[in-house]
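Notes to accompany the following structure.
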Amino acid sequence: MAAITAKNLYKVFGKHAKRGVESLKNGSTREELREQGLTAAVIDASFEVEPGEIFVVMGLSGSGKSTLIRMLNGLWDATSGEIFIGDQNLAAMSEEELRTVRRDRISMVFQSFALLPHRTVGENAAYGLEIKGVSKQEREAKAEEALAMVGLEGWADSMPDELSGGMQQRVGLARALTADTDILLMDEAFSALDPLIRKDMQDQLIDLQASLNKTIVFITHDLNEAMRIGDHIAMMRDGRVEQIGTAEEILQNPANNYVADFVKDVDRSRVLNAENIVERPQNTLNASQGPLTAQKLLRESQNSWLVVLNADRTPAGV
Ligand code: ADP
Ligand code: MG
């Protein structure tokens, strides 16, 4: 089962938003809604996030990414459409159930992450646990553990102002990790970081994801970041999801001109691998077969070479 399922999600801001959704369904454009004073932030978005993957939502500023992610944890109600966390319908939950989901299943990391200045780094990291009423001892242990995971081992007793911006952002990630939810929502969490630190954080996130098996929805406006860390990428434009696919799929089969134009400057050597460009043999020859068979297969494939396989199917040569 998918970790998160979104079905035909809409978010329209303004008066009579539901009517706005009806107009969109009947073919009105985003601009036409704007003339009526409505902002169509998310339009008919459907996708599934698999457990344990990094699902990237990529799009320019204003394309609806933050609105989308805020609907996923129920911070904002969808104007129309459905969201399931596992098999639980978010819209059908009571306030109480929603709070439980936000506390136990989904945590969120923002770009501008404000640490509490008069608390230690460790207390900041364990802040979510403090709210939950977890004992001090357990909080400290969890904070140490999470800080170590984000490369801040030994910083628990420092004060926030002793940390660089990049390190403070790591505390934000540590706080989300102490909550120990299986889903992490990250809204431009690395966007304010210097390129080098950012790359470092991307690597760390990929490692964390692999070792902790979290499901991560990661928002970015940076295509290279998206391609680097995303198992799947949803490309958004003007509130709509234009394409969902792996980096390879999007590069090799862009769904439309917009996507094609968008990805044209991506360094393909960083994304594509041998499998994407390999010339596949039409026929293979077993090492024990003779020249007549070889000749027949060569003629069939109209090729001047054949891959020859050993009995155990390992390549013997060409
Ligand atoms: P992104 O995160 O991709 O930059 P947002 O989801 O923040 O995009 O915004 C998408 C659109 O929705 C923008 O046009 C923005 O101005 C509008 N918007 C976002 N939040 C609100 C709000 N609370 N009220 C009205 N319009 C909003
Ligand atoms: Mg945003």
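Every number for a ligand or one of its atoms is a count from 1 in the order of the listing. Quick caveat: nothing in here was measured; it's all calculated off a predicted structure.
Listed by number with element, the atoms of ligand 1 under 4.0 Å from a non-hydrogen atom of Thr39 are 12 (O), 14 (O), 17 (C). Residue-ligand proximity, Ser61 to ligand 1, at heavy-atom distances under 4.0 Å covers atoms 4 (O). Numbered from 1 in the order shown, with element, the atoms of ligand 1 that lie under 4.0 Å from a heavy atom of Ser66 read 1 (P), 2 (O), 6 (O), 7 (O). The distance from ligand 1 to the heavy atoms of Leu60 drops below 4.0 Å at these ligand atoms: 3 (O).
Contacts with ligand 1 closer than 4.0 Å are made by no heavy atom of Asp187, backbone or side chain.
Of all protein heavy atoms, the one lying nearest to atom 26 (N) of ligand 1 is Phe13 CD1, 3.4 Å. Of all protein heavy atoms, the one closest to atom 12 (O) of ligand 1 is Ala41 CB, 3.4 Å. Regarding atom 9 (O) of ligand 1, its nearest protein heavy-atom neighbour is Thr67 OG1, 3.8 Å. Summary of contacts: the protein heavy atom closest to atom 8 (O) of ligand 1 is Gly64 N, 3.2 Å. Among all protein heavy atoms, the one lying closest to atom 3 (O) of ligand 1 is Lys65 NZ, 2.8 Å.
The OG1 atom of Thr181 sits 12.0 Å away from atom CE of Met108, with the distance rounded to the nearest 0.5 Å. Rounded to the nearest 0.5 angstrom, Gln243 CD and Glu249 CD are separated by 8.0 Å.
With atom 13 (C) of ligand 1 as the reference point, the heavy atom nearest to it among Gly14, Gly62, Ser63 is part of Gly62.
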message = One pair to check against salt bridge (charged side-chain N to carboxylate O under 4.0 Å, His left out): Asp44 and Lys25. What are the steps and the verdict?
response = CA-CA 9 Å; Asp44 200 15; Lys25 286 182 179 170; over 6 Å; no
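Other residues, nucleotides and ligands place more than 12 heavy atoms under 6.0 Å from the CD atom of Glu97.
Relative ring orientation between Phe55 and His232 is described as tilted, the plane-to-plane angle lying within the 30° to 60° band.
Distance alone, capped at 3.5 Å, places no donor-acceptor pair between the Lys65 side chain and the Thr220 backbone.
Note that atom 5 (P) of ligand 1 has protein non-hydrogen atoms nearby, at separations under 4.0 angstrom. At a distance under 4.0 Å, a protein heavy atom can be found next to atom 19 (C) of ligand 1.
Not one N, O or S atom of Ser61 sits under 2.8 Å from the Mg ion (ligand 2).
Counted by atom type alone, Gln36 and Arg19 present zero donor-acceptor pairs between their side chains at under 3.5 Å.
Smallest separation of non-hydrogen atoms from Glu162 and Trp155: O-CZ3, 4.2 Å.
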